[in-house]
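One structure below.
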Amino acid sequence: MLRIRFTHDDLTRVRIARAPDPLVETVLSLSLVQARDVGGVALEGWRSMTRKRLRPELRLLFELATAAGVTEAPEAFLHAGTGSLADSLEQTWSLPRQLWAADLRALEYLRPTAPRWLRELHRGDREWRGLVERRLREYHSFAVAPYWPQLLAAAHTERGARALAAADTGLDGLLGSLHPDIRWESPVLSLPCPVDADVDLRGAGILLVPTFFWPEPLALTDNRGPEHPVVLHYPLARDLATYRTVWAAAAPAEPDGALVALLGATRARTLRAVADPAGTAELARRTGTSPATASHHATVLRSAGLLTTERSGPGVRHTLTPLGQALLDDRPVPPASGPGTT
């Protein structure tokens, strides 16, 4: 657990970012593309489409940001705060040498077997910087850019909701409703962390950043010094309605295209097949898969709240939930409920 401790001055320096940063989102998405067990069903369609477009040359980026996620991502790439990829890259390359040096020390501690080129990159090698920038630009062009306008629209809506929460319920309401995994008990904000640690803000404040391409809260301190605020990334999308809105930008031009963009082709086909309740064997016949595959996809869709499974004689019967039916009908998805919703 990470505990972030506020002083009175810190409470006057709580800010909400205008929008996510394109470079940060790109680097975070590199881990999501590799980690199939992160993000659940809502990322499956994007992950499948993105992996199909990866050229072998782009796999270099998987050494920059690994499947282990943000714990191994170079911190230097996660501090930008501009509106364009070009500006964020320029800002990253121009970060003070002490930050790159601190990042290198962290890299050598966390990833002692990291490839040599990563060390050269941190030491300022121009050739490696040029190559990494070209690869990031290419990857961004199909993995992130197609969804960016809808992502920004969702972020602007979120920022407005947070501002209203602060106006209606004060900072307690704002900090207490960021995410179900973030707990506010004044003057401490707590969130999950691989290690047990405390961070004192000491008057530097905190910057709240709604983040789309990482589905868990993430706090970053700044190696440049304690005078810089902690950056708290919190998930922008917490329900299938938000994901569907963003993914629809690049939906295939075909029946169920938006559903495929959300769930992936096989799970979209499985969900469609359950429109008429069926057992696992019948579901496999309708989708052209094996019973084991049909059962697996039904399990994933059930965990996402899109269908239910009940015992029926010697077998089971799969049936759509109202949420699953709403997705098939392309109707507004019922709003999420529970802790942290606004």
Side-chain angles (χ1 to χ4, degrees), residues 1-21 23-25 28 70-71 73 75-76 78-83 88 91 95-96 98-99 102 106 151-152 154-239 242 336-342:
M1 183 69 69
L2 176 66
R3 292 170 293 275
I4 303 174
R5 302 185 183 279
F6 288 67
T7 66
H8 177 270
D9 286 343
D10 294 312
L11 291 173
T12 68
R13 294 181 174 89
V14 175
R15 295 182 295 127
I16 307 172
R18 290 185 176 273
D21 175 84
L23 176 59
V24 176
E25 295 291 318
L28 293 176
V70 294
T71 57
E75 184 181 325
L78 301 178
H79 280 296
T82 80
S88 290
Q91 178 175 309
L95 285 171
Q98 64 263 33
L99 190 146
L151 194 158
L152 285 182
H156 291 159
T157 299
E158 166 69 13
R159 192 169 191 259
R162 292 296 153 205
L164 287 175
D168 291 341
T169 60
L171 282 175
D172 282 344
L174 170 64
L175 296 174
S177 63
L178 290 172
H179 188 269
D181 290 339
I182 299 176
R183 186 173 72 252
W184 169 248
E185 294 180 358
S186 183
V188 179
L189 192 70
S190 304
L191 60 147
C193 183
V195 298
D196 196 56
D198 293 87
V199 172
D200 293 316
L201 295 180
R202 299 178 180 176
I206 193 167
L207 176 64
L208 307 175
V209 183
T211 301
F212 186 79
F213 280 101
W214 194 251
E216 301 166 1
L218 164 66
L220 294 174
T221 56
D222 197 316
N223 283 334
R224 288 175 290 183
E227 70 277 10
H228 294 275
V230 165
V231 176
L232 176 59
H233 295 269
Y234 67 94
L236 168 60
R238 276 180 274 160
D239 54 49
T242 304
S337 60
T341 56
T342 56

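The analysis underlying the following values was restricted to heavy atoms, covering all of them including side chains, and did not include hydrogens, waters or symmetry mates.
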Closest non-hydrogen contact found for His179 with Pro217 is ND1-CG, 3.8 Å
Can you name the closest pair of heavy atoms from Ile16 and Ala163 and give their distance? CD1-N, 4.4 Å
Contact check, side chains of Ile4 and Val188, non-hydrogen atoms, under 4.5 Å: no
Flag the pair Glu25 / Thr211 as yes when at least one side-chain heavy-atom distance between them is below 4.5 Å, and no otherwise. yes
CD1 (Ile206) and CZ (Arg13) are apart, to the nearest 0.5 Å, by 13.5 Å
Could you grab the distance from atom CG of Leu171 to atom OG of Ser186, nearest 0.5 Å is fine? 9.5 Å
Residue pair Val230, Val199: steps toward the side-chain contact (heavy atoms from CB on, under 4.5 Å) verdict: CA-CA 9 Å; Val230 165; Val199 172; 4.0 Å; yes
Taking all non-hydrogen atoms of both residues, which atom of Ala17 and which atom of Leu207 are closest, and how far apart? N-CD1, 3.7 Å
Scanning both residues in full, the closest heavy-atom pair of Pro229 with Arg15 reads CG-NH2, 4.0 Å
State whether Arg202 and Asp9 are salt-bridged, where the test is any N-O pair (Lys NZ or Arg NE/NH1/NH2 against Asp/Glu carboxylate O) under 4.0 Å. no
Candidate pair Asp10 and Arg5, rule salt bridge (Lys or Arg N to Asp or Glu O under 4.0 Å), full reasoning: CA-CA 9 Å; Asp10 294 312; Arg5 302 185 183 279; over 6 Å; no
Any side-chain heavy-atom pair of Pro20 and Leu151 under 4.5 Å: yes
For this output row, return yes or no: ring centroids of Phe6 and Trp184 closer than 6.0 angstrom. yes
Could you state the interatomic distance from CG (Asp181) to CG (Leu191), rounded to the nearest 0.5 Å? 8.5 Å
Any side-chain heavy-atom pair of His233 and Trp214 under 4.5 Å: no
Heavy atoms only: give me the nearest His79-Gln91 pair and the separation to one decimal. O-NE2, 3.7 Å
Are Leu78 and Leu28 side-chain neighbours, meaning at least one heavy-atom pair lies under 4.5 Å? yes
Passes side-chain contact (heavy atoms from CB on, under 4.5 Å), Leu232 versus Leu218? Steps please. CA-CA 6 Å; Leu232 176 59; Leu218 164 66; over 6 Å; no
Apply side-chain contact (heavy atoms from CB on, under 4.5 Å) to residues Tyr234 and Glu158 and explain how you reach the verdict. CA-CA 11 Å; Tyr234 67 94; Glu158 166 69 13; 2.9 Å; yes
Can you check whether Met1 reaches Ser190 side chain to side chain, under 4.5 Å on heavy atoms? yes
Is the backbone N or O of Ala154 less than 3.5 Å from a side-chain atom of Arg159, with the two atoms forming a donor-acceptor pair by type? no
Given side chains that start at C-beta, do those of Asp21 and Thr82 come closer than 4.5 Å, heavy atoms only? yes
Test side-chain contact (heavy atoms from CB on, under 4.5 Å) applied to Asp196 and Arg3, step by step: CA-CA 8 Å; Asp196 196 56; Arg3 292 170 293 275; 3.0 Å; yes
Leu178 CG to Leu189 CG distance, which is reported to the nearest 0.5 Å: 6.5 Å
Between Ser88 and Leu23, which heavy-atom pair has the shortest distance, and what is it? CB-CB, 3.6 Å
Just so I know, are the side chains of Pro187 and His8 near enough to count as touching, which here means a heavy-atom distance under 4.5 Å? no
